[in-house]
Each structure stands twice: as structure tokens, then as C-alpha cells.
Amino acid sequence: MATTKKKMVQWTPTDIKEELLKKYPPKVARKRAKQILINEANDNEAPEIVANVRTVPGIITMRGCTYAGCKGVILGPTRDLVNITHGPIGCGFYSWLTRRNQTDASAEGAENYMNYCFSTDMHDEDIIFGGEKKLEKAIQEAYDTFHPKSIAIFATCPVGLIGDDIHAVATKMREKFGDCNVFAFSCEGYKGVSQSAGHHIANNQIFKHVVGENDEEKAGEYKINLLGEYNIGGDGFEIDRVLKKCGITNIATFSGNSTYDQFASAHKADLNCVMCHRSINYVADMLETKFGIPWIKVNFIGAKATAKSLRKIAQYFGEKKLIDQVEAVIAEEMPSVEAVRDDVLPRTDGKTAMLFVGGSRAHHYQELFAEIGMSTLSAGYEFAHRDDYEGRQVIPNLKVDADSRNIEELEIEADPERYNPRKPEAELGKLEEAGFKFKHYDGLVTDMDKGTIIIDDLNQYEAEKLVEILKPDIFCAGIKEKFSIQKLGVPMKQLHSYDSGGPYAGFRGAKNFYKEIDRLVNSKIWGYMKAPWQENPELSATYVWE
Amino acid sequence: MLLRHTPKEITERDALVINPAKTCQPIGAMYAALGIHGCLPHSHGSQGCCAYHRSTLTRHYKEPISAATSSFTEGASVFGGQANLIQAINNIFSVYEPEVIAVHTTCLSETIGDDLKQITIKATKDGKIPEGKHVIGASTPSYVGSHVTGFSNMVKSMAMQAEKTGTKNGKVNVIPGWVEPSDMEEIKRLAALVGVDITLFPDTSGVLNGPLSGEYHMFPEGGTTMTELKSTGDAVGTLALGEWCSADAARWLDSTHKVPCKVLDMPFGLSATDRFIDALRIAAGVTVPDEVAHERGQLVDMMSDMHQYFYNKKVALVGDPDQLIAMTEFLVSIDMCPVHIVTGTPGKKFEKRIRELTADMPFEVNVKAAGDMFLLHQWIKNDPVDLIIGNTYCKYIARDEDIPFVRWGFPILDRVGHQYFPTVGYKGGLRLLEKILMALLDRKDRDDPEETFELVL
């Protein structure tokens, strides 16, 4: 462990904010100032932060694009879809197997296209004369070779610019095949301001083209959907294990370890449980409006959070059998979690973390760190909106700017036949009276300590400054940030794809995470930064050689 | 099975690429630009391109990759990206203070017709480029060529910084092509050993294989300086290693500044390294010292010592044209048989060259430019091989087909070593042979029945 770290206690949050902004040209400083918040939250009231706005050109951002959010994040983990990227080769190549989404395709005859990359590899002649013909042919070739149940098309930047009508091509091919659902996503990289726009586009099209396609009854009790869980490092496997043990049936996960049929049957669930609020709350809302399924916010990151979420699900269904089983599972799982925690705690207690990731993870993981006595000095999201920071009550007041306006909002109505409120009004009211909250998310700000610094769309320069000033014991972000932070002698854990390892969700995941953080913050390696002659450069004596 | 849907039967595909053996131009331009000292690569497009390229290069090198983006939104895509780029240039010089910004375009900015040259002139006029600082640029539309083309285009832009003073500087320009930082270091070592003063560009050594010391420098000490690039016009000659990666830049220096050039293969393996050393000697008019012959002899020694394990072993290769040409020649020289060879980069002359190199081999050769790894896998299913050499994505084929696999090329996302240990030159040849032998002999030790399992191999 590095012994040379000194906390610069003389820095106040205001000083730090000033320092972060000092070097920027005035226009950039003004803009960034609104995205850097010194937390003064009290009594569930969060101060306002600016989020989901454009990144300043030239400022090295952590953000990606709409295509990455749509194809990479939401649709990437569905194993039996043939995902064709319509565009030059790069976008398909970079999103090929790079997100650590695990999937279980071990069943006899199971389809799994996740290890493949499909692209129309557009060339200059396709840009000049249009790429629709090539797309049509590519879909045909995919169909002839694989006979998949569904083919999804993803637009890249030039596709929108040259005006290829990918939806018309998809419709034509869907009608031609009859047994293969072909649909498309207009997820050009330049849309929106981050990958968040891609999540929204993905949600819309999946809802429009797949959800509700399969009306077969699904076996099992206490049916839920798990929304916004991507099975990175096997998180979804662990959550499914726990749910199964409790007797809860997971109809569909959006979208870790998922299949086409899960989406198609999602309307058969009786409760939607939202993990990553940012990426998937649109589907939760639409499922409620169209089919009458209520949604709640859950969090399976952290042992206590997992227990709390399970109890919340049990309370919703309200049956003693389930409530008892959930309590039995928690009682069975917790002792071994506590044992690992007790072992790790003396080595992690009092240490500090920074988290800059995602639209939920920077919030959820604070709970895991807290379980091992580590506090979060500073945090923020890469692509979240104000409601993820301040809570959903701000949604009616969100400003719709030009970048949000060009992302389609679906007009959803109650399904004339299949709309079915899962609980009578009175029962829902009773639950709410007992403190049960539907469609509720308080956001990150109120859960953070007073005086902490919350930063939206943190960039490389600010990250380096923050680490220099506050010297956290660990920094969490994504792959692009990993090594510049580690060069400073501070361990860095990726929270998008976890570097390696996992799961970190559920009970087993909590144990894994405690051990992983112990490994990182107490590693001997951080003490090897300087050679002996660098630590003591003065030559005070020499050997006398015989 | 990981690639369970890949059929043995090969059907014609001309619209759908499956499991590409290439990626797009901008990442090559970004990698090349990182080989300029004090340079911040800049991606003129939407921010996803930059994020993807940085992520891939970071995973390959396990090093920080700094690069900026014009962060196009829909508005910029409609009205043009000039305002974004000028704002980016201003912000970059204010905040990160590089010596150089190397801008490359993307499919987005090319499709809408942004003109880098004109935008740079405007930025200069507006006073956004501080005195003594530079903005260079390369046009790298993703829908033309491949990552190799993008690399070549940025290297050509580097050569275009050359200024001719009329006085020769006595140096030889060496353009190494898309090789690893360790390879660039090795080329410099070999040139110094031969006694030739070279200007290597680009040079990512010292940039992408840096130490961990508790300090972070966005612009490490390595890289070819702008001063060195300017003086390439005064060199006595240029050696371009690789037709696809390096020849354009060398030919430009030849035709514009009359710096004579020679295009060689990348110096992987015995013969290509021989030709490189020989060309260096001739260009600089020096005598090759015995140390070089000694290194060469060591490589020949290992080739001879272990020849029985190489002889007639079939190999499948996937990668980039310049690397594959040199590797094919090397494998053939030790009597291995590269039977399936695929590059995603287009160019019929690649296929021709491979056919020439493998003409005397006892087996039929499948070779394809603008091919993909799905096809390679199908070829392997039809005619199995003893070894696969290629990037990390090959591991899905290697596991499904249970074939030994040597990681070599780009990207390598699951192993380390390429940053630090070269595969160019004679020493690099030793490392390649060691890696090949490890893969083959580990497999032999795993598969040999107990009665023939041997201690000494």
C-alpha cells in the first residue's frame, strides 16, 4: 500500500470546484460550472444539476454514442438476435464482444449469435448511391445462412445522412420471410448527446416490435421482469439464482442473458423491477401504460440492497408464503456475506472512493463501498439525466432541448384486450400508505454526504485533478480512464465491465466485490512506484570494493 | 460451441460481412498520431468513434490513450462541423497544451463534406493555433479501405510536414508501418547497431509502453518530434516497411522532395530482416558489424534445432496485409505451410503476392483480401490446420476447433507482451518461433499418449 499519500485537508469543496474550472476558456468554464455540484442536499431535496447536455468539443469525454447505447448496451446481450450493423465496418467491429455480457446458451439447440459480428461494411459506392440494396441483400444472406427468428438492423452515422430507409427495408424483408421478425433502429451516433439516446431508441423499438408478441401463458408464481440488468460478469446469473431460490419467476431480463422470447413475453409479468433507471425506465413506463404492470425501483448491488429489494418484491405480492421464503433466503445467505465483510472491513474501513460511471452504477456501488466502511468523496454519471441525480419528481420540469426532441417519444395507449391492472386501486393505495413506493427513484444526490462533489460528464482533465487533490483510495470509471488514473498510483476499477471478475450483484456478488476492493486498495503494488535510488537520491556513502 | 452457427458449407456472400478481419480507418490514424511527440489525436466526428478507438487501443496496450473528439450532434451533422472543430482546437490548446493536434476525419464528417484543410486555415486565421504549435490532418473516411489505410494516410500527413532545406542531414527515414512500440524500439536498436542514423516515424515506443511510476504524463517522452518530421525532406533516403502501411508516405517524399525511397516488406522473420539490414547498409554506406550477423545466426540456429516440429505443419493466418506477407514468407522458410490466409483489407495484389510466396508449397492455398474470419473458419472446417496465428478474436475458432493458437497482430485484448517484446528483426524472429513452438509442443504434451510421452523434445 502506498504510504506517501497525504490527504490535502485544506481544500474545501468550493476550492476544488474552482481549481477544476480554472484552466478552461471562459465559455467552457461557465458550462462546466453548472455540471459540477457541491452537495448540499437535505431532507430529500436535491440541489439542481445540469445533465444530459452536449459535451464540449475538444474536451476529452468519457461518453460514447447513440449507436453504442442502442446496439452495444441494450441489444448486445440478447443471444438469439442476429444484429446487423448497417454502416462502415468500424462500429460493428468495436461493439463485438467487448462488453463482457455473459449468456447461458447451454440448452440443447439454443441459438447464440453473440459471438458473431454482422455488418454491411458500407463502401464509398454505397455512400454515394445509397445502401438500401446492400442492406436488403445482407439481410437475405443472414436469413439464408442462419434462419434466425429475428434480425435487428442498426444504423450508423452515414446511414441517416444519406437517407437510407432502414425501416422500409426491414418491413419488406419481414413480410417476405414470414417467419423472421426483421426490425430496425435509427441509432445514428450523432443523435442525442451520449449513449443515453441510444437506450431510449432501443427501448422504443423493442417495445414496438417485440414486446407482447407471445401471448402464451408462462409457468411459475410471482412473475416479474428485471429491467436494466445486463449480466456483466454474470450479475444476472446471480440475481436469477437468488430470485429462483425465493420462488420468484423472472419472465424477462432487459437485457442480460436474454432471448427474443423473453421480450416477447414480458407483458405476462405482474411486476417490473427496474435496476438501471436511466437505460430502461422508458420500457417500464410503457409496460405500465399498455398492459397495466406497475414498476418499482430495485437494486441488487450490495447485500443489504439485495435483501431490501427482495422484501420489496415480496411485499408487493403480499403473500405469506413468499414473504417467509424471502426471509429464509436472506437468513441463509447473509451469514457468509457477513463473514467475508468482517474479514475485509479492518483493511477497508475509512478508505475513500470516487465513482464516475453509467446512469445508475455510480449510485448503486456507493452502497457496496459503504458496506465495507468506505465513503464516496465524489461521484457522477457519464450519461444520466437530471432525474437520476435529483429524483423522478423533477421529470415534469425537465427542459426538452433540440438534442432530446429528435429522439422519438412513443404515444402508448392501454391495450384494448390485454390491459389488465395487476392490483385493484384500493390495494395499491394500501401499499402506498404502508410506505411502498411505485415509479419512484430518489436519485443519487440525496444518498451522498454533505460536501461531496457531484460531477456530470466528468472528463479526463477533471478526473486527473480530482485524484491529485483528493487522493482517493480507489477510482471507478471505464476502460478509457483506467490507466491514466493508475499511472498516478491510484487503483482503478472499471464499473462498466468490471475489468475481469464478477458477479458483483446479489449475495455472492457482494462477497466478490468486498474481496476485489480489498485486493485493489491494499495491493502491495502501489508501494513500488519508486526505485530505492529515487526515494533516496543523495549518495551518502559508497561501498569499498575489495 | 461458441461459433455454433458457422456451417462447413461455404456459400457466396457479397453484402454481409461476418466476423470482420479489419476495422475502420480512423483507429489507424489515431494509432499513427500517437507516434508523434506531444501529439493529441483528434477525431472529427461524433464522440462514439473516438470512444471506440480509445477503448480498443487501451485494451490492446493497457496504457492510457488520450484523444479528443469534435462531439458532433445532429445540428453539426446538418450544418457542418467547422464550428465544432475550431472550438475543439481552441479548447485542446488551452486545456491539454499539446505540441500538435493530429485531426482525422470519420465517415460522418466525410459524408457531409467537411474540408479539414479549409477549417485549419480558418482556425489559423482566427488565432486559435498558438505560435509554434501545429494542427495536421488526414482524410480517413471509414467507408474506404481499412484501419491499415487510415494508418497509412496519417503517416503520409506526417511525411507532408517535411521541409527541404537543400542540405542533406545524413539520416535515413525509416517508416516502420503498423507495428508495436516494442518493434519500433527494436528497429531503432538494429539501426544503431548497424551504425545508421535514422528518423523513425511514427514512433510509438515510449508512448504506449510506458512505466508505472506514480506520475501521469498525457504526453510522454516518446514519439517523433515535429522538428524530426520537418527534416525528413533532407534525408538521404527513405525505407518504407510495408507496401500498405508505409509506401505512400515514402513515395510522396520521393516525388516531392527527391528523397529516394525503397519499399520493403516488414522485417518479420529471417529473409525480410536480411533485406532490411542490407537496405539500411546500402542507404547509409556502412559495413554491418558482426553483432548483427551473430543475432542472425542465432535465429538460423533455432530454425535448424526445431525444424522437425515446423515441417509441413499447416497454418491458418489472419491479419493485415504487410504483416501477413512477411509472416507467410517466414513460415514458408521454415517449411511450415500457411494454407488459409485472410485479410479484411482490400487489395488484389495481396492475393497475388501470397500466391507467389507459397507457390512451391505442397498444399493448396486459400487466400483472400477483403475477406472475413467467418470464411477463414469455414476453410478451417473443410481443411483443418495445426496452428492459427492471428488476433484475439481467433480464440473462438481455436477453442471450437481445438487448434493451437498464437496471438499476433491487432487487436490483442486478452494477453500481454506485445508492448514489450518485439517480433521484428532476428530477436523478434526468435520470439515468434518460441511462441509457435510453445503452442505446438504444449499441444503435443497434452495429446501424446502416455506410452510415447517424452521428457526431451
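Values reported hereafter were calculated over all heavy atoms of this structure, with side chains retained and with hydrogens, waters and symmetry mates removed. Every chain is numbered from 1, with letters handed out A, B, ... down the list of sequences.
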Straight-line distance of [X] [atom1] to [Y] [atom2], nearest 0.5 Å:
X         : Y         : atom1 : atom2 : result
Ser55(B)  : Glu481(A) : OG    : CD    : 8.0 Å
Cys24(B)  : Ile89(A)  : SG    : CD1   : 9.0 Å
Thr23(B)  : Trp96(A)  : OG1   : CH2   : 10.0 Å
Ser146(B) : Asp121(A) : OG    : CG    : 10.0 Å
Ile92(B)  : Ile60(A)  : CD1   : CD1   : 7.0 Å

Quick check on Pro7(B) against chain A: is it the side chain, the backbone, both or neither that has a heavy atom closer than 4.5 Å? side chain
Name the region of Thr6(B), side chain, backbone, both or neither, that has any atom closer than 4.5 Å to a heavy atom of chain A. both
Contact part of [X] toward chain B, heavy-atom cut-off under 4.5 Å: side chain, backbone, both or neither?
X         : value
Leu161(A) : side chain
Ile59(A)  : both
Ala105(A) : both
Ile84(A)  : side chain
Glu111(A) : both
Arg54(A)  : side chain
Ala110(A) : both
Ala142(A) : both
Lys530(A) : side chain
Thr98(A)  : both
Asp403(A) : side chain

Do the non-hydrogen side-chain atoms of [X] and [Y] ever get within less than 4.5 Å of each other?
X         : Y         : value
Met218(B) : Lys487(A) : no
Pro25(A)  : Val95(B)  : yes
Tyr461(A) : Asn91(B)  : no
Gln140(A) : Arg13(B)  : no
Lys480(A) : Ile65(B)  : no
Phe118(A) : Asn19(B)  : no
Phe483(A) : Leu212(B) : no

Main-chain N/O of [Y] paired to [X] side chain as donor or acceptor, under 3.5 Å:
X         : Y         : result
Glu74(B)  : Lys191(A) : no
Lys134(A) : Ala15(B)  : no
Gln47(B)  : Gly64(A)  : yes
Tyr94(A)  : His53(B)  : no
Asn115(A) : Leu2(B)   : yes

Under the side-chain hydrogen bond (donor to acceptor under 3.5 Å, both in side chains) rule, what do Tyr216(B) and Glu468(A) come out as? Steps first, then yes or no, please. CA-CA 10 Å; Tyr216(B) 169 62; Glu468(A) 274 172 16; over 6 Å; no
Suppose we screen for side-chain hydrogen bond (donor to acceptor under 3.5 Å, both in side chains). Which residues come up paired with Tyr393(B), at least two apart in sequence or across chains?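 None.
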Residues passing the side-chain hydrogen bond (donor to acceptor under 3.5 Å, both in side chains) test with Asp80(A), sequence neighbours excluded, are Lys149(A)
Do you know which two heavy atoms are closest between [X] and [Y], and how far apart they sit?
X         : Y         : answer
Thr145(A) : Phe374(B) : CG2-CZ, 4.2 Å
Gln87(B)  : Val56(A)  : NE2-CG1, 3.7 Å
Gly48(B)  : Cys65(A)  : CA-CB, 3.4 Å
Gly58(A)  : Tyr96(B)  : O-CE1, 3.3 Å

Would a line drawn from the ring center of His147(B) to the ring center of Phe93(A) be shorter than 6.0 Å? no
Using the rule given for side-chain contact (heavy atoms from CB on, under 4.5 Å), can you reason through Thr73(B) versus Tyr190(A), listing the C-alpha separation, both sets of side-chain angles and the distance that settles it, and then say yes or no? CA-CA 5 Å; Thr73(B) 54; Tyr190(A) 56 76; 6.0 Å; no
Output the option from Gln486(A), Glu464(A), Lys482(A) having the highest count of non-hydrogen pairs under 4.5 Å with chain B.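 With the most close heavy-atom pairs to chain B, the winner is Glu464(A).
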Chain B: which of Ser484(A), Gly72(A), Ser500(A) shares the most heavy-atom pairs with it under 4.5 Å?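 Option with the top pair count is Ser484(A).
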His5(B) and Tyr113(A) aromatic ring geometry - parallel, tilted or perpendicular at 30°/60° bounds: parallel
Should we count [atom1] of [X] as having more than 12 external heavy atoms under 6.0 Å?
X         : atom1 : result
Lys122(B) : NZ    : no
Glu9(B)   : CD    : no
Arg399(B) : CZ    : no

